[in-house]
Amino acid sequence: MIGGVDRHLPMPSQRLPEALDAAARAILRRWRRAVLQSGDGTVFATLADVPLSVAAELFIYRDRVSLDDWEVHGATSENVTTMIHLLVNGDGLTLVVGDPDEPVAAGVLRELERLRFGGELPRRAA
Amino acid sequence: MSPPIELPGLKALVDDCDLGGVLGTEAELEFAARRLSEFFTRYGEHRRQHRTASSLPLLQDWTAMVRQSKANLHRVRVLLQAVAFMCSAEMLAMLWMVQLGASVKELHVDHERDDFTKVRVVIGLPGDEEATEAFESTEHWDLALFQFVTISKVNNEQPVVEGFFALKLPGE
């Protein structure tokens, strides 16, 4: 069994759809051919189509081949870094990555750890 | 033909977004309805430049807006906040494409007090890494866009404009 590593990012509940949106964008910027899948198995070609307001989790695969591989084999040592799992819960957003040191996962985690919707506005340009 | 924007429906959407304080009066709602109609037109004009190149929807209209509000209210909230700041239809079209997955590639501002403002934004369209579209405006109120800009810079990476996020309102 191949496991993942969880990183929990506390967020105010009312900003969770935006946090999920930001997380997905951070991943899509790095995986330009990514495919998204909701918790009920629905596959989305674009982020625009995903209903983030009601999404409890989102799977983002590097590409269609990766999605197919996960659906056939589950997590393996070969594909574990080709999917990032985003989970929404009451107090924040959890990312599950195969290897937090893999460049894409590491970049996304660093980016999102700096994204805060807490008591203040998100980071803005001056 | 695009369905008309009915003020009661728009008011309900404004209330869902907690924006009744800035778009609550009938005059404000009528302004918002006009600006949204202009925005739908501008969106279609820009989108048609890349008919087959992008995964963005070809059209946006009131029906699509309501549908998006049910799925992603936070995106509509940013748009309506920009409407409340009287941003131009041109920049609303750009902002909305970014909400739907486009990326900001260039952002230029030229402003001289009591004289002129020019805002130019170039975005990369989702679904085609090569396709870009430019948006330009000389409307002073478009400077308000910068309130919504969210940037990110991590370690030695160059900073990127991640997108546009709604402002936090008093009481939230």
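Computation of the quantities below employed the complete heavy-atom set of this structure, encompassing side-chain atoms and omitting hydrogens, waters and symmetry-equivalent molecules. Throughout, protein chains are lettered first and strands after them, A, B, ... in sequence-line order, and every chain is numbered starting at 1.
A/Val80 and A/Leu87 fall into different hydrophobic clusters, where Ile, Leu, Val, Met, Phe, Trp and Tyr residues are linked whenever their side-chain heavy atoms come under 4.5 Å apart, directly or through other members. Note on B/Phe40: it clusters hydrophobically with B/Leu7, by side-chain heavy-atom contacts below 4.5 Å among ILVMFWY residues. A/Val104 and A/Met83 fall into different hydrophobic clusters, where Ile, Leu, Val, Met, Phe, Trp and Tyr side chains are chained together by heavy-atom contacts under 4.5 Å. Residues A/Trp31 and A/Val35 do not share a hydrophobic cluster, clusters being chains of Ile/Leu/Val/Met/Phe/Trp/Tyr side chains in contact below 4.5 Å. Cluster annotation: B/Leu36 and B/Leu58 are assigned to distinct hydrophobic clusters (Ile/Leu/Val/Met/Phe/Trp/Tyr, side-chain heavy-atom contacts under 4.5 Å, transitive).
Residues of residues 59-72 of chain A never come within less than 4.5 angstrom of chain B, heavy atom to heavy atom.
You'll find the side chain of A/Ser53 reaches within 4.5 Å of the side chain of B/Leu73, heavy atoms only. Inter-residue side-chain proximity for A/Leu52 and B/Arg75 is flagged as met; some heavy-atom pair is nearer than 4.5 Å.
Closest heavy-atom contact between B/His74 and A/Pro17: ND1-CB, 3.5 Å. Across B/Asn72 and A/Ala48, no two heavy atoms sit closer than the pair ND2-O, 4.2 Å.
Rounded to the nearest 0.5 angstrom, B/Leu56 CG and A/Thr46 OG1 are separated by 8.0 Å.
Other residues, nucleotides and ligands place no more than 12 heavy atoms under 6.0 Å from the CH2 atom of B/Trp141. By the 6.0 Å contact criterion, CD on B/Glu45 is enclosed, its count of non-hydrogen atoms from other residues, nucleotides or ligands being greater than 12.
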